[in-house]
Structure formats: structure tokens, C-alpha cells
2 protein chains.
Amino acid sequence: MSNEFGQYLRKRREELLKGSPDFTVRKVAGRLGIQPSYVSKVERCEVPPPSEATILRWAEELGEDPDVLLALAGKVSAELRDVIVKRPKVFAQLLRELKDAPDHALLRVVREVRDGKW
Amino acid sequence: MSNEFGQYLRKRREELLKGSPDFTVRKVAGRLGIQPSYVSKVERCEVPPPSEATILRWAEELGEDPDVLLALAGKVSAELRDVIVKRPKVFAQLLRELKDAPDHALLRVVREVRDGKW
DNA sequence: ATGACTGTATATTAAACAGTATACATGCTT
DNA sequence: AAGCATGTATACTGTTTAATATACAGTCAT
């Protein structure tokens, strides 16, 4: 279980704990609706990352970007998967083509499209 | 088990069977390295779609587009998932922005990027 | 009517997934 | 020193995934 996912969650929770006593393992587990022992195990990477649903709640709880957290767990949200699944040919081609493009190029594409350039 | 995946595979195999006796359930199963009964069940949607690895072999066997076949199974290849997982922020934004863009717009983006416009 | 193919029905399974429940050790506070 | 809150160790559980193994029924040719 050597993923960075748990370490990231722990660091983030400990930071929040400095500012408020509401971020102990137990309190967080309570709000996530899961067992404290499970939170502990996930944070220490003793078990693999949880399900998508749990990760999304966790992201909200810690104020983190859900896509980033899912990515650390090696996953992609069902929402984004659906985008691809509905038009696999175009989006597969698009992703392979843009795979190595630098960030700024991708963001330019986003901007162009948003500005109604189609 | 009401996916279109199985029906699609069966139709395709039956077409190929018309042209050659090498596309019976047993022959195909043999080349895929799985049991004939399993092929039969998958084709009749009696069981959910197989694993990604098996779907990819199946696509090759029938001469189908792997991305399309995976999509019919509701999946996205690990290869494409990796593209997103490595840079989740940009690619998540990109996909959400392009989600509803018409095909021709997406293909234009592909062309632009390929023509070194970055 | 036998043998050699078809496809399919039925029963079972090993491993992974996604956690729960309980008990325990440690440190701090009063 | 008693109580309370921390995090964690240990053992167990229901469900899903991804198939296998074997037996069976129908068709076709010889």
C-alpha cells in the first residue's frame, strides 16, 4: 500500500487540527460517516484508498479539490468517465493528442472554447 | 444486466462467422483464452462485461475499436485514465469545458494542437 | 443412430473491495 | 489516580469482480 494518498490526507488534517479541535481522527470520521480506525488506516496507507463516494466526501471535509484527491487514489470520477464513455472516439483521440501538451496550451484551448470559438 | 455490450459483440461475431468458420463461440473463446460458456454469457448479457484486459483482447479479435468497446462496457482504458490522473486539474477542467462541444469543434482542437500551434 | 459440432444451463470459486466492531496503549487534565 | 480523549492494533464481514468446470440439448452430416 505505497500510495501518497494517505500521507496527503494526514498532512492536510493535521494542519486543520492546528486551527481547530474539530479535526481529530474521530471527529472527521464522524462527519464522514465512517469508523475512526478506518480513517487511521487510510491515512497511514495501511489499506488502499476508499471508494469514490467516500473520497468525494473526504475532499469536501478537508476543502480539497476532488479531482486531485481522486487522482492521488489513481481514480477518475464517474462524472468525467461519462464524458468519455458517451463519445469514446473523439475524446480518446483528443486525450492522446493532448497528453503531452504543456499546461498553458491546454488552458488556451479551454479559453478558446469558452469564448464561443465554435 | 441490461447493457448493449454483449449484443454488439454477438452481432459482430455472427457477421464474421458468415465469412469464416473460425468465429464460433468455442473458437473465439479459445483464442481469447477464456471459456466458451463465458463468451456465451457475455454475449447474451447474462453477466456484466469482462475486465479491461479481456475486452482489449476481444476488440483485437473482432477488429473493433478498443475505446468504443470499453465505452460500451462503461469503462475507460487505464491508458487514458493515466493521462487524467497525472494532471487532474487541467484535464478535469478541459473535459468539463469540452463536454458539450460538437465533434467538429473537438476535432478542430486536435488538428490545431497537432499542427504545433503551441 | 452415431459422432462431431453448435450454443447454453448450472454450480462453484478465488481474490479484491470497502469497509465494521472492539479492544488497547498513551498522554493529558483535574 | 481517575477519567477522558487521542490514535491504532486486531479480527472479522458482506459484496462484487471475473471468471472456471462440467454437463446438457439441439443440429447436421455420414
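Just so it is clear: chains get the letters A, B, ... in the order the sequence lines come, proteins before strands, and each one is counted from 1.
Contact check, A:R13 against D:dT6: no side-chain N or O comes under 4.0 Å of OP1 or OP2. Dashed line: the shortest gap from a side-chain N or O of A:R26 to OP1 or OP2 of D:dT8 is not under 4.0 Å. For C:dG19, one of the phosphate oxygens OP1 or OP2 lies less than 4.0 angstrom from a side-chain nitrogen or oxygen of A:S51. Within the 4.0 Å cut-off from OP1 or OP2 of D:dA21, at least one side-chain nitrogen or oxygen of B:Q35 is found.
Of the candidates D:dA18, C:dG19, D:dT8, the closest approach to any side-chain atom of A:T54 belongs to C:dG19. Nearest nucleotide to the side chain of B:R44, out of C:dA9, C:dA18, D:dG7: C:dA9. Counting only heavy atoms from C-beta on, A:I34 has its side chain closest to C:dT20 among D:dA19, D:dT6, C:dT20. Among the nucleotides D:dA18, C:dT8, D:dG7, the one closest to any side-chain atom of B:V25 is C:dT8.
The CZ atom of B:R57 sits 13 Å away from the P atom of D:dA18 (whole-angstrom rounding). For A:D22 and D:dA5, the CG to C1' distance is 14 Å, given to the nearest whole Å. The distance from atom NZ of A:K41 to atom P of C:dT22 is 14 Å, rounded to the nearest whole Å. Between the NZ atom of B:K75 and the C1' atom of D:dT16 there is a distance of 11 Å, given to the nearest Å. Spacing between atom CG of A:L17 and atom P of D:dA5 amounts to 15 Å, rounded to whole angstrom units. Regarding B:E46, its CD atom lies at a distance of 6 Å from the P atom of C:dA9, rounded to whole Å. One atom, CD1 of B:I55, and another, P of D:dA19, lie 9 Å apart when rounded to the nearest Å.
Under a cutoff of 6.0 Å and an axis angle of 45°, B:R12 and B:F23 do not form a cation-pi pair.
Heavy-atom distances to DNA chain D give each of A:F23 and B:G33 a nearest nucleotide, and the one nearer the 5′ end belongs to A:F23. Comparing A:S37 and B:Y38 against DNA chain D, the residue whose closest nucleotide sits nearer the 5' end is A:S37.
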Open item on the list: Between A:I34 and A:V39, is the side-chain contact (heavy atoms from CB on, under 4.5 Å) condition met? List the steps.
Closed with: CA-CA 7 Å; A:I34 57 182; A:V39 168; 3.7 Å; yes

TODO: Any chance you could lay out the side-chain contact (heavy atoms from CB on, under 4.5 Å) test for B:V25 and B:R13, step after step, and finish with the verdict?
DONE: CA-CA 8 Å; B:V25 165; B:R13 184 180 60 76; 3.4 Å; yes

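Between A:R108 and A:E112 there is a salt bridge, since at least one side-chain N of the basic residue sits less than 4.0 Å from a carboxylate O of the acidic one.
Between the OG atom in B:S20 and the CD atom in B:E15 there is a gap of 13.5 Å [rounded to 0.5 Å].
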